[in-house]
Amino acid sequence: MLRAATPAGWRLALRQEWALDCHSALIHQTPPLTPVSAAISLSEEEAALLAAELKQQLRCGDRPPGDQELIQKMVAGLGDPRGLMRLTFAESLGAVGPAAVPALCQALRTHANVTVRRAAAKTLTLIGDPVALPDLLAALLNDPDPVVQGSAVGAMAATGECAVEALIAVLSNAESTSMHLGLASWGLAFVGARAPEALRRAARSADTEVRTAAIAALGEQIQSLDDEQARVLVIEALADPADQVRAEAATLLGKLHDPIWASPLLQPLLRDSAEQVRKNAALSLMKLRALDAIPELEVALAAEASDQVKPVLQVSLQQMRNHQQAVDDR
């Protein structure tokens, strides 16, 4: 799902998926939405006829007209019990674009049918309009359905850099649940290299959760942009006072496929005071096949007192020795 960074990718992700209070000012800046028109419902026959017409327009490359009555009918179609029918309405609303955003936000915030709320969030992902951010944030924080929450974050991330402030607000709010934190971290990672300056600022935040999420999100920035400033931030994170930030930085180093740079940085972490940091460092060295770290792993294993860390060191060391043997046998 993280690879679906284009409209086509989002449509593919949509096909695959189809089958509070966080900084109250951010939420209350947007007044309650009022229906554009009276509630509309469609019979199965009406939905089928409309979907057939819309599908034909999509096949011909025509954009459905953006009049509000038709938009309301398409939104109503998002509650159809037939999955392919819902998909047609979603793609058609996506093709309409920003004109459909108010009706989709209204459905996301107020519709009693969870299927409609889920579909509305996924359709907003196709459009990627920052205007929807306050409503998407409210859905993340307040909707009782975890699928709606996750889809709302996906739609937020689709807006790119515009979503960073709201996602950081979630991460820095002490009242955010573990679900909110995990989804916001995912959203920030998805934004990735599209918001380099914002991520750099977040990596030096005073808030531990924000720093942790920002460090995790720097991987794409380093790989896609070869961002030297981002590399410096990762190095700084290895000495962060918070265990979870150091642990995240150690994990990131294992994902960057650069053992020459990463191995000397990871090896000292095998002696870190935090168990999770030591484990993550050993696993990253193993992923990188950093054979130069074998002596340091041997020393670390001999000195390790934790029953939680020892097995990780043993596995990492054995994998490295096996790889060393394979190299020697060539």
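This chain uses plain numbering: 1 for the first residue, then up along the sequence. If you're wondering where the values come from, they're calculated on a predicted model, not measured in any experiment.
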Sequence neighbours excluded, which residues qualify as side chain to side chain donor-acceptor pair (under 3.5 Å) partners of [X]?
| X | answer |
| --- | --- |
| S43 | E46 |
| E236 | R204 |
| D329 | Q325 |
| N322 | Q318 |

With sequence neighbours excluded, residues passing side-chain contact (heavy atoms from CB on, under 4.5 Å) with [X]:
| X | result |
| --- | --- |
| A237 | I215, V245, A249 |
| P65 | Q57, D67, L70 |
| L265 | I235, L238, L253, W261 |
| A274 | D243, R246, D272, V277 |

Is D145 salt-bridged to R117, cutoff N-O under 4.0 Å?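 No.
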If you measure from the Lys or Arg side-chain nitrogens to the Asp or Glu carboxylate oxygens, is any gap between R231 and D226 under 4.0 Å?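 D226 and R231: salt-bridged.
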Checking R200 against D227 for the side chain to side chain contact (heavy atoms under 4.5 Å, CB included) test, could you report, in this order, the C-alpha distance in whole Å, the side-chain angles of both residues, the deciding distance, and whether it holds? CA-CA 10 Å; R200 291 190 198 112; D227 189 333; 2.6 Å; yes
Working to the nearest 0.5 Å, report the span between CG of L313 and CD of E298.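 With rounding to 0.5 Å, CG (L313) is 11.5 Å from CD (E298).
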Show me the pairs that pass salt bridge (charged side-chain N to carboxylate O under 4.0 Å, His left out) and involve residues 276-292, at least two apart or across chains.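 Sorted result for residues 276-292: R278-E304.
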Can you pull out every salt bridge (charged side-chain N to carboxylate O under 4.0 Å, His left out) where at least one residue sits in residues 155-164? Sequence neighbours excluded, please.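 Matches after skipping sequence neighbours: none remain.
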Who passes salt bridge (charged side-chain N to carboxylate O under 4.0 Å, His left out) against E45, sequence neighbours left out?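 Salt bridge (charged side-chain N to carboxylate O under 4.0 Å, His left out) check on E45 returns nothing, list empty.
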Apart from L283 itself, residues in the same hydrophobic cluster as defined by side-chain heavy atoms under 4.5 Å: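 Same cluster as L283: M286, V312, V315.
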C105 versus A132, closest heavy-atom pair with distance: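 That closest heavy-atom pairing would be SG-CB, 3.7 Å.
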